[in-house]
Enquirer: 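I have a structure I would like to understand better, so I am pasting it below and will then ask my questions one at a time.
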Amino acid sequence: MMNTSNETENKRLFYRCLLWREKHVKEKTFVLIISFLIGIGTAAAAILLKYLIHSIQNLLKVNSAEGVNYLLLAYPVAGILLSGLFVRYIVRDDISHGVTKILYAISQRKSRIKGHNIWSSLVASSTTIGFGGSVGAEAPIVLTGAAIGSNLGRLFRMEQKTLMLLVGCGAAGAVAGIFKAPIAGLVFVIEVLMLDLTLTSVLPLLISSVTAATMSYIFMGTEAMFKFSQTEVFEMGRIPYVLLLGVFCGLISLYFTRSMNWIEGIYAKLKHQWQKFLLGAAMLSILIFLFPALYGEGYHTIDSLLDEKYDFMLSNSPFHVLGNNYWGIVVFLGLILLTKVFASSATNGGGGCGGIFAPSLYLGCIAGFVFSHVSNYFDWTMHLSEKNFALLGMAGVMSGVMHAPLTGVFLIAELTGGYDLFLPLMLVSISSYTLIIMFEPHSIYSMRLAKKGELLTHHKDRAVLTLMKIDKVIETDFIVLRPEMTLGEVVRDAVARSPRNMFPVVNKNNMLIGLVLLDNIRNIIFRPELYDRFKVSKIMVSPSEKIRTDMPMEKIMRIFDDTKAWNLPVVDINGHYIGFVSQSKIFNAYRDILVQTFSEY
C-alpha cells in the first residue's frame, strides 16, 4: 500500500515538473538539454560495451596462446549460443539488424523504440563479440543510442517530429562515442538514417555527438582508434590508382551486400532456432579454424595492416603452408575477402548479435592492402603506399556497403587521424558509391524496408507517403449491397438513405464482387415498374482497381493516377471488403503529416 502511494506521489511530482518546464523553458532550449543528456547516455553505453567486450576477451585469454588455439573454435559458438538463449528466453524480441530497426521505427512506429533496446543489445552484442563472433559492436550501440533518445523523448512527452530528431541524436551520439568521431556521427544520421534536417535540428545533433565524443576522450584517451602515421605523401599521379581502388571496393561492397542477403535468406527458411544455431556454429567454426583472422571484430588485423605488419597472419592457420611469401599473403587475404561475409552471416544467423560496421572496415582495409600489394609487384606500375591504400579501402567499402560516402570519408579520417588523405578518401568513396548504386539502389540497411515501401527518404513527398497509414484514410460509411437485391431495394435502402453515389456489392463471404454506380442507374431509378425486374447482379460493374491494405501508399497514389478515379474500394489480402479511400482524404492526411513532421520544431 505504501509503495502504491509513493508511486502516485512520484507521478504527481513528475507531472508538476513537466508543467513547470512547459511554462518556463522553451521547447527549443529543452531539446538542446535533452540532446546533451542523450550524448552522456550514449557515451556511457559505448564505454560500457567496449569494457564488457574487452573484459570477456581478457577472461578468455584469447591472445595468450601460441600456435593453433583450438579454443577459438569453441568460443564463438559459445558466444552465439549464449546470446541466442538470452534473446529468446529473456528479451523475447528480435534485436538483430539494429540500424534497419531504427529506420523502421522512424518510418512506421512514429520513432518509438522499445525500452529494452537500451540494454538488450549491449548484453547480447558484448557476449557475441567478446567470445569472438565475426561481427561489429557499432550497429548494436547505434540501436542502443537511438533507444535512449526515443525513450527520453517519450518520457518528456515530446511530439513525433521532435522524437524523430532525438532518435537521430541518439544514433549520432552512439557513433561519435564508440568511434570518437563527432563529425562522422552527424553525417551518419544524415546519410544513413536519412532524416530531413534543418539548420535548427543540426545543433542538437552536434551537441549529442560532441558530448559523446568528449566523454569517450575523457574515459578512453584522446588517441585515434587505429594507429596510423602517414610516412608517404600522397601524389596526384596516384589518382588513377585511387579511382581503380574505388571500383574494386565497390565490387567488394556489391558482393558483400548480395551475399549477405542470400545467406540471410537461407537462415530465414529454417523454421527452428536450433537449426539456425547448428548451421551457424558449423559454418563459423570451420571458417575461423581455416582463417583465424576472422575471429572477433578484426581490429587487430586492421592495426597490423595500417602498420604494414602482416607476417603473423598465416602462422596459426592451416594455410601457413603457403608461406609468408608475396603471393601467399595475397591468396590468404583474397580468401578472407570472400569468406568474411559467411562468417558474419553465420554469427548473426546462428543467434548472435552484431553489425556490419566492423566487417566493412575490415574488408576495406584488406581490399586496399591487397590492391596495392598486387600493384607493387609489377615494375611498370607506380609504387603505392600499402598502408595508405589500406586506409583508403576502409572508406571505399564502408561507403559502398552503407551507401554513405561522406560517412566513409569523415569516419576513416577521424578513426585514424589521416586528415592529409582527404582528397583520395573522397575519390575512393565516391567511385565506390557510384559503382554500387548502379546495381543496388538501396543500402544493406534499407533495402528490406524499401521493398515493402516502408523506407523514409530525403524525398519529402515520398517520406510523407511512407509515414501515412492506409487504415487512417479508409472511409467505411458506404451502404453495402448484395447481388440478389432488387433495384427497388437499392433505391429504398441505399440511394434514399446515403449521400454517396456508389455502393459496394459483396457476396455472403464479404468478398467484394462489384460496384453499383448511381450515374449508371440514374435513368431507371425513377421507373417503379422496373424495380422488381432488375437485380444488383445485372446493374453492378467491376471496380477499375482495388486497393489492398498491404499496399504502400506510394503505390496507391500511382493507382489513383493511372485510373483517374476519385474513390477506390479497399480490400484485405484475401479480397474481403473493408471500405473506400478517396484522393481528398489522402490529400488532407498528407497536409497534416507534412505540417506535423517536417515543419521546424
Side-chain angles (χ1 to χ4, degrees), residues 7-47 102 105-107 109-119 141-177 182-183 185-190 193-216 218 456 460 463 467 592-601:
E7 288 178 5
T8 304
E9 183 61 31
N10 289 336
K11 287 182 179 179
R12 289 175 180 172
L13 179 61
F14 179 70
Y15 289 139
R16 285 200 294 268
C17 291
L18 285 180
L19 291 173
W20 181 91
R21 193 277 302 173
E22 290 176 2
K23 186 176 181 180
H24 295 89
V25 183
K26 293 182 179 180
E27 183 81 0
K28 291 184 179 181
T29 305
F30 191 64
V31 169
L32 298 182
I33 295 172
I34 295 181
S35 64
F36 174 73
L37 296 177
I38 291 172
I40 294 176
T42 52
I47 294 168
I102 299 171
I106 291 173
S107 63
R109 291 179 50 84
K110 298 183 178 180
S111 300
R112 295 173 180 267
I113 301 176
K114 295 179 181 179
H116 72 72
N117 289 118
I118 295 175
W119 56 269
I141 198 62
V142 170
L143 178 58
T144 298
I148 291 173
S150 176
N151 285 276
L152 261 180
R154 290 166 61 188
L155 177 66
F156 291 108
R157 310 297 190 268
M158 295 287 125
E159 57 186 346
Q160 182 183 349
K161 59 187 175 185
T162 307
L163 205 59
M164 185 188 300
L165 175 61
L166 296 180
V167 167
C169 288
V175 172
I183 300 176
L186 172 64
V187 176
F188 171 83
V189 171
I190 298 173
L193 299 189
M194 294 179 286
L195 297 188
D196 191 21
L197 301 178
T198 61
L199 288 176
T200 25
S201 59
V202 167
L203 185 56
L205 291 169
L206 277 175
I207 290 175
S208 295
S209 296
V210 172
T211 302
T214 303
M215 292 281 291
S216 293
I218 293 172
L456 203 68
K460 191 167 289 187
L467 292 170
D592 290 341
I593 293 176
L594 188 64
V595 171
Q596 293 172 6
T597 307
F598 294 101
S599 60
E600 294 188 16
Y601 66 88

Enquirer: Donor-acceptor pairs under 3.5 Å, side chain of residues 165-176 to any protein atom, not counting sequence neighbours: which ones?
Expert:
none

Enquirer: To the nearest 0.5 angstrom, please state how far the CD1 atom of Ile190 sits from the CG atom of Leu205.
Expert: 7.0 Å
Enquirer: How many angstroms lie between NZ in Lys28 and CD1 in Ile33, if you round to the nearest 0.5 Å?
Expert: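 The NZ atom of Lys28 sits 15.0 Å away from the CD1 atom of Ile33.
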Enquirer: Side chains of Ile183 and Leu186: does their closest heavy-atom pair fall under 4.5 Å?
Expert: no
Enquirer: Kindly give the heavy-atom pair with the smallest separation between Ile47 and Met215, and that separation in Å.
Expert: CD1-O, 4.0 Å
Enquirer: Heavy atoms only: give me the nearest Ser209-Gly185 pair and the separation to one decimal.
Expert: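 Shortest heavy-atom separation between Ser209 and Gly185 comes out as OG-C, 4.1 Å.
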Enquirer: Just distance, no hydrogens or angles: give the donor-acceptor pairs under 3.5 Å from side chains in residues 35-43, sequence neighbours left out.
Expert:
residue: Ser35; atom: OG; partner: Val31; partner atom: O; Å: 3.3
residue: Ser35; atom: OG; partner: Leu32; partner atom: O; Å: 2.6
residue: Thr42; atom: OG1; partner: Ile38; partner atom: O; Å: 2.9
residue: Thr42; atom: OG1; partner: Gly39; partner atom: O; Å: 3.1

Enquirer: My understanding is that only residues two or more places apart in sequence, or in another chain, count here; which of them pass side chain to side chain contact (heavy atoms under 4.5 Å, CB included) with Ala147?
Expert: Ile113, Asn117, Ile118, Asn151
Enquirer: About how many Å separate CD of Glu159 and CE of Met164, when rounded to the nearest 0.5 Å?
Expert: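 CD of Glu159 is found 11.0 Å from CE of Met164.
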